[in-house]
Each structure stands twice: as structure tokens, then as C-alpha cells.
**Q** 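Okay, handing you the structure first.
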Protein chains: 2
Amino acid sequence: MAEVTGQATGLSKSQLSYQWIKARISDSTFTPGYRLVLGAIGKELGVSAVPVREAIRRLEAEGLVTFERNVGAQVAMIEETEYLYTMQTLSVVEGVATALSAPFITGADIARARTVNQEMIAFLEDLNPHRFTELNLEFHSILFENCPNPHILDLVHRGWNRMQVLRDSSFSFVPGRARESVAEHENLLQLIEAESPALTLELAARAHRTGTMDALLAYQKSHHPHQTPESSPRKRS
Amino acid sequence: MAEVTGQATGLSKSQLSYQWIKARISDSTFTPGYRLVLGAIGKELGVSAVPVREAIRRLEAEGLVTFERNVGAQVAMIEETEYLYTMQTLSVVEGVATALSAPFITGADIARARTVNQEMIAFLEDLNPHRFTELNLEFHSILFENCPNPHILDLVHRGWNRMQVLRDSSFSFVPGRARESVAEHENLLQLIEAESPALTLELAARAHRTGTMDALLAYQKSHHPHQTPESSPRKRS
DNA sequence: GTATTTGAAATCATATACGATCTCGCGGAG
DNA sequence: CTCCGCGAGATCGTATATGATTTCAAATAC
């Protein structure tokens with residue numbers, strides 16, 4: 001019997017909802033403050049509200065969405081302190097991830113990473129922030145993909161997801177930081193090649209993130225003193 | 001109108017289920033491998049399966065429960081590698097948490113912590129593992145409660161929760177480790193009092209956890225070479 | 001004109017119902 | 001005796017329905 005019962009994808013509807021919403025947040029269709037209405041999303045996806053609710057709860061656990069009882073969910077609005085917390089945590093886990101991965105990184109990996117970094121350098125004069133950020137992610141992914149501790153890798157990914165919510169604040173917008181960043185990348189590669197002590201590498205990687213954070217904070221402070229995004233109101237008939 | 005509609009507690013049913021299950025895991029009513037059946041738990045709590053499901057999903061996200069589609073949930077069985085991952089992550093976040101908290105720790109905090117540690121020392125001769133573990137938690141809680149970064153504090157708590165699932169492997173069972181541990185505690189307190197550099201403190205705190213991990217692993221390896229807990233079967237009529 | 005009340009719409013929260021899927025024991029074939 | 005297929009029961013997954021709660025704006029009082 002080749003009768004497909006409607007579960008051909010093998011993907012549960014809650015999983016589907018989860019990925020759909022996450023994608024919308026990633027590509028900025030749903031910007032911070034956007035109200036996520038269970039029924040509306042369910043209708044759009046052709047599922048009921050229950051699986052959508054579950055998906056939103058998962059996104060809440062990951063810090064991408066805030067959820068208030070009897071009120072609803074909205075894409076997380078990360079204000080400055082929250083941003084600082086995330087970046088600080090990220091600096092720590094990225095540092096450890098880099099140090100733990102190092103012994104497993106091959107010469108080929110280094111070469112790949114260096115190629116990516118070269119491409120970033122090529123962008124320095126004529127900056128394409130979106131592509132630059134993408135390359136930056138790719139660079140660090142190469143460094144991390146060998147991390148032997150999946151929990152730490154997971155924490156890194158969670159941090160990145162949260163960062164993605166505010167991708168417009170991407171560091172590549174901060175003048176001068178991009179140039180510093182690629183230099184630090186090369187430094188990291190050399191430390192790995194030299195088989196530097198784990199702690200040296202960890203602190204270098206941590207400082208790399210911390211430097212980005214400080215630069216971004218200083219920049220934001222001087223340009224957008226007090227930006228409070230409006231929360232979208234409830235729809236009325 | 002003093003008509004209470006049945007929501008007097010202000011606790012949603014999914015939240016209630018979450019806390020109830022978590023408590024059962026903590027006090028070892030539900031041991032690793034225990035099957036969590038949505039309907040059965042719901043009936044016991046007087047709620048339907050939907051909120052129970054949501055609660056279980058949250059516990060899954062925290063790593064306390066595993067959930068398989070169309071099969072069900074059971075309390076996570078943490079085998080050695082998984083245990084190592086958790087401990088390693090915990091050592092990192094506890095290290096950072098300690099270092100970040102230090103500047104905010106008062107003399108009174110130190111005194112409290114030292115009292116707790118004294119009580120632990122008193123237990124050294126006549127070891128009560130359960131109480132010892134409790135005191136250990138209290139000691140570190142005092143050190144962490146001033147942590148300015150709630151994300152990192154949250155990671156510490158998650159790690160502790162996971163450790164609690166396998167509390168029988170508590171470090172206080174490892175001969176000699178308890179004595180080492182309280183000595184390290186005193187050392188940490190002195191580092192804080194001396195206002196040591198953040199990195200010094202961080203690494204000391206990290207080593208404290210790492211030492212526990214290593215001792216426990218060595219001990220387990222020599223005593224329980226291959227312990228595979230049985231998964232409880234589905235109930236039949 | 002401003003503050004307060006009030007009611008209807010929107011939305012969340014969960015119980016119930018039902019279909020889908022997995023598990024496990026039983027019985028027959030080899 | 002062992003292996004395989006099958007079917008009943010258990011359980012999950014989600015649609016639907018309904019109650020509870022919040023929000024918003026218009027109407028009212030001052």
C-alpha cells in the first residue's frame with residue numbers, strides 16, 4: 001500500500017512551525033518586537049495553534065522570542081544590557097570552543113579558513129556588510145566544526161542565533177573594526193598552526209569577541225543614544 | 001466580585017506540570033530511564049496531556065528528559081561521554097561566574113561561605129553524602145548569587161540540574177576528593193579576599209570543578225566498568 | 001478637555017476527540 | 001526451537017471547541 005497518510009515529510013508540524021518562524025526571524029521578515037500570533041501563523045502554515053505554540057515555546061527557551069501569559073509572543077527585543085550579557089557569554093564559549101577544537105584542526109582547515117579571511121580582506125575597501133558577516137560566520141565555523149564537546153558548540157550556536165536577531169547591529173558597520181577583526185583572525189590561525197597552549201588560544205579568541213563587543217557598544221553609544229523599538233499593537237477589526 | 005474562577009494560584013497548568021516533573025526528577029522519584037507518559041502524568045495532576053507535553057518539551061530543552069516521536073519521553077540517561085561534556089561546560093561557566101561575581105562579594109558573604117565550608121569540614125570524618133552535596137551547592141551559590149550576567153548564571157543552574165539527574169555519582173562518594181574540595185573552597189575564598197585578578201580566580205574555580213570531574217571519572221572507571229541502565233518498557237494491560 | 005468605566009473583540013490556555021504510529025506478545029512457518 | 005508477520009493496545013500528535021484573560025476604544029462622568 002503506497003498510501004501516504006500526510007506525513008510524507010517525516011517532519012512534525014511543531015517542528016515545521018519552529019523552523020518556519022526561525023527562518024523568518026533570521027531573514028528579518030519578523031523583526032524584533034513583531035507580534036507572533038498563534039492562530040495567524042497556524043493558518044498561514046495550515047496547522048492549528050497547538051503546534052505553533054510549542055514551537056514558540058522552544059524559541060522562547062532559546063531566547064529568540066519573549067512570551068507572556070494571555071498576552072502573546074513577540075520577537076525578542078534585545079536592549080543594551082541583554083546584548084552585553086549575550087556577547088559576554090558568547091565570548092567565553094567561543095573562546096573555549098576554539099581552544100578545544102584546535103587539536104583537531106588540520107592544515108586543510110587552516111587553508112580554507114585563510115581563504116575565507118582573504119575574501120574578507122578583499123571586502124575591506126568596498127564593504128558589503130551582509131556578505132562580510134556571512135564570511136565571518138564561515139570563518140569561525142571552520143574553527144569550531146571540530147569541537148569535541150557538542151554542548152559548548154550548541155551554546156555558540158545559540159549565541160549566534162540571538163545575535164542574528166539584531167543583525168543590523170552587525171560589527172562590520174563599525175568603522176575600523178572590520179580591519180582589526182581580519183587581523184585577529186590571521187593571528188588566531190597562526191596560534192593554531194604554532195600549536196599554542198590551549199589557554200593562550202582561548203584568551204585570544206575570547207578577546208576577539210570582546211573587542212567586537214566593545215567597538216560596537218562605543219559606536220552605538222555615539223550614534224543611537226536611545227533607540228526603543230515600538231511594540232506592534234494588537235490587531236483590531 | 002470575589003468570584004475566583006479556578007486560577008487562584010496564578011500558575012499555568014503547563015508551568016505546574018513542569019515544576020512537578022522537575023521536582024520528581026530532583027528527588028529521584030523519577031530516576032534516569034523512567035518513562036514519562038503524558039496521559040498518566042496529566043491524570044495524576046488533574047490536567048490534560050497538552051500542558052504536560054509542553055512541560056516535557058521544556059525539560060527536554062534543558063537536557064533533563066529525552067523525547068522521541070510517537071514513542072514518548074523518559075528521564076535522561078547520562079552516560080559517560082555526555083557526563084563529561086556537561087562537566088566540562090560547567091567548569092567553564094562556573095569559572096566565569098565566580099570571576100564575574102567576585103567584585104560584588106562582600107565580607108559578609110565570605111563569612112557565610114566560610115561557615116558553610118566549616119560545616120563541610122565537620123562532615124569529613126563522618127560523611128553524609130547527601131548533606132555534603134547540599135552544603136557544596138550552598139557554598140557555590142553564595143559565590144555566584146552576585147553574578148552580574150544572568151545568562152551565565154542560568155547556564156550554571158542548567159548544569160547543576162543535569163548533574164542532579166545523576167546525583168548518585170555525587171563527588172562526595174569519591175574517597176579523598178571531599179577533603180581536597182573543601183581545601184580548594186578555602187583557597188577560592190582567599191583569592192576573592194585578596195582581590196586577585198579575574199583570570200586567576202576564573203582558572204582556580206575551573207580547576208576546582210575539573211578536579212572533581214577527574215576524580216569521579218577515575219573512581220567510576222575502577223568501580224563500575226560498564227553500567228548500562230535498563231530502559232523501562234511500555235506498560236501493557 | 002481629561003480621566004474613568006465598560007463592553008466587545010482578540011488572543012491565549014487547555015480540555016476533548018480522533019487519527020497516526022509505535023510496541024509487544026502471540027501464533028504459525030521453517 | 002527460532003524467526004517472522006500480524007494485530008491489539010498503548011501512546012503520541014494535532015485539530016477543534018470552549019473558557020479565561022487581556023486589550024483597546026468608545027462612551028460617560030467630571
Side-chain angles (χ1 to χ4, degrees), chain A residues 1-21 30 33-61 65-75 230-237, chain B residues 1-21 30 33-61 65-75 230-237:
Chain A
M1 300 302 143
E3 191 190 346
V4 181
T5 56
Q7 204 59 28
T9 67
L11 207 64
S12 72
K13 307 209 172 175
S14 63
Q15 188 69 14
L16 170 74
S17 311
Y18 172 81
Q19 293 179 357
W20 189 85
I21 298 172
F30 294 165
Y34 187 92
R35 273 183 60 88
L36 302 169
V37 177
L38 303 193
I41 293 175
K43 192 174 287 182
E44 187 145 359
L45 283 170
V47 306
S48 81
V50 178
V52 176
R53 176 188 167 83
E54 178 176 316
I56 284 179
R57 285 302 260 257
R58 266 177 70 193
L59 291 164
E60 183 195 18
V65 159
T66 60
F67 199 111
E68 200 180 341
R69 184 173 182 194
N70 284 322
V71 174
Q74 56 183 59
V75 178
E230 199 75 16
S231 95
S232 41
R234 217 177 250 224
K235 197 167 53 180
R236 299 280 292 181
S237 64
Chain B
M1 301 300 146
E3 190 190 347
V4 182
T5 56
Q7 203 59 30
T9 68
L11 207 63
S12 72
K13 306 209 172 173
S14 63
Q15 187 69 13
L16 170 75
S17 312
Y18 172 80
Q19 293 180 356
W20 188 84
I21 299 172
F30 294 165
Y34 186 93
R35 274 183 58 88
L36 302 169
V37 179
L38 303 193
I41 293 175
K43 193 175 287 182
E44 187 146 356
L45 283 170
V47 306
S48 82
V50 178
V52 176
R53 176 188 167 82
E54 178 176 316
I56 285 179
R57 286 294 217 196
R58 264 177 72 191
L59 291 164
E60 184 195 17
V65 159
T66 59
F67 200 110
E68 201 180 341
R69 184 172 182 192
N70 285 323
V71 174
Q74 57 182 55
V75 179
E230 198 76 13
S231 95
S232 43
R234 216 177 251 224
K235 197 165 53 178
R236 298 281 293 181
S237 65

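Each chain gets a letter, A, B and so on, in the order its sequence line appears, and its residues count up from 1. Keep in mind that what you see is a predicted model, and the values were worked out from it rather than measured.
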**Q** Please report the distance, rounded to the nearest Å, between CD in A:Glu68 and C1' in C:dC12.
**A**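 Checked: the CD to C1' distance equals 11 Å.
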**Q** Send over the distance from A:Glu54 CD to C:dC12 P, rounded to a whole Å.
**A**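 Distance, rounded to whole Å: 16 Å.
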**Q** Taking only the side-chain nitrogens and oxygens of A:Arg69, find out if one of them lies under 4.0 Å from OP1 or OP2 of D:dT22.
**A**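 No, outside the criterion.
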**Q** If you check the A:Leu38 side chain, which of C:dT14, C:dC12, C:dA13 turns out closest?
**A**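 My answer, after comparing the listed nucleotides, is C:dC12.
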**Q** When rounded to the nearest 0.5 angstrom, what is the spacing between CZ in A:Arg53 and CG in A:Leu38?
**A**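 Nearest 0.5 Å value for the CZ-CG distance: 7.0 Å.
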**Q** Would B:Arg69 and A:Gln15 count as a side-chain hydrogen bond (donor to acceptor under 3.5 Å, both in side chains) here? Give the steps.
**A** CA-CA 11 Å; B:Arg69 184 172 182 192; A:Gln15 188 69 14; over 6 Å; no
**Q** What's the closest nucleotide to the B:Arg35 side chain, out of C:dT14, D:dT14, D:dT11?
**A**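 For B:Arg35, the side-chain atoms sit closest to D:dT11.
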**Q** Closest approach to the side chain of B:Ser48, judged atom by atom: which nucleotide of C:dA15, D:dC12, D:dA15 is it?
**A**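 The nucleotide sitting nearest to the side chain is C:dA15.
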**Q** Check A:Ala73 against A:Phe67 and note the closest heavy-atom contact, atom names and distance.
**A**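 Where A:Ala73 meets A:Phe67 most closely, the heavy atoms are CB-CD1, 3.6 Å.
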**Q** To the side chain of B:Phe67, which of D:dC12, D:dT14, D:dA15 is closest?
**A**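 Nearest nucleotide to the side chain: D:dC12.
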**Q** Find the distance A:Leu11:CG to C:dA20:C1' and express it as a whole number of Å.
**A**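 Going from CG in A:Leu11 over to C1' in C:dA20 covers 16 Å.
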**Q** Kindly indicate, with the supporting measurements, whether the criterion salt bridge (Lys or Arg N to Asp or Glu O under 4.0 Å) is fulfilled by B:Arg57 and B:Glu54.
**A** CA-CA 5 Å; B:Arg57 286 294 217 196; B:Glu54 178 176 316; over 6 Å; no
**Q** The side chain of B:Val71 lies closest to which of these nucleotides: C:dC22, D:dT14, C:dA15?
**A**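 Nucleotide nearest to B:Val71's side chain: C:dC22.
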**Q** Could you tell me the separation between the CD atom of B:Gln74 and the C1' atom of D:dT11, rounded to a whole number of Å?
**A**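 One finds 14 Å between C1' of D:dT11 and CD of B:Gln74, rounded.
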**Q** Specify the separation, in whole Å, of atom CG of B:Leu45 and atom C1' of C:dT14.
**A**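 So the two atoms are 14 Å apart, to the nearest Å.
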**Q** Output the single nucleotide from D:dA15, D:dC12, C:dC12 whose closest atom is nearest the side chain of B:Asn70.
**A**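 Of D:dA15, D:dC12, C:dC12, D:dC12 is nearest to the side chain of B:Asn70.
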**Q** So which heavy atom on B:Gln19 is nearest to which on B:Leu11, and how close?
**A**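 The answer is OE1-CD2, 3.9 Å.
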**Q** Between B:Ile56 (CD1) and C:dT14 (C1'), how many Å, whole number?
**A**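 It is 16 Å, rounded to the nearest whole Å.
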**Q** Contact class for A:Leu36 (heavy atom, under 4.0 Å): base, sugar-phosphate, or nothing?
**A**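 A:Leu36: backbone/sugar contact only, no base atoms under 4.0 Å.
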**Q** In whole angstroms, how far is the C1' atom of C:dC12 from the CZ atom of A:Arg57?
**A**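 To the nearest whole Å, that distance equals 10 Å.
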**Q** Which whole-number value in Å describes the distance from A:Arg53 CZ to C:dA13 C1'?
**A**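 My rounded result for the distance is 6 Å.
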**Q** Looking at C:dT11, C:dT23, D:dA15, which one has an atom nearest to any side-chain atom of A:Val37?
**A**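 So the side chain of A:Val37 is nearest to C:dT11.
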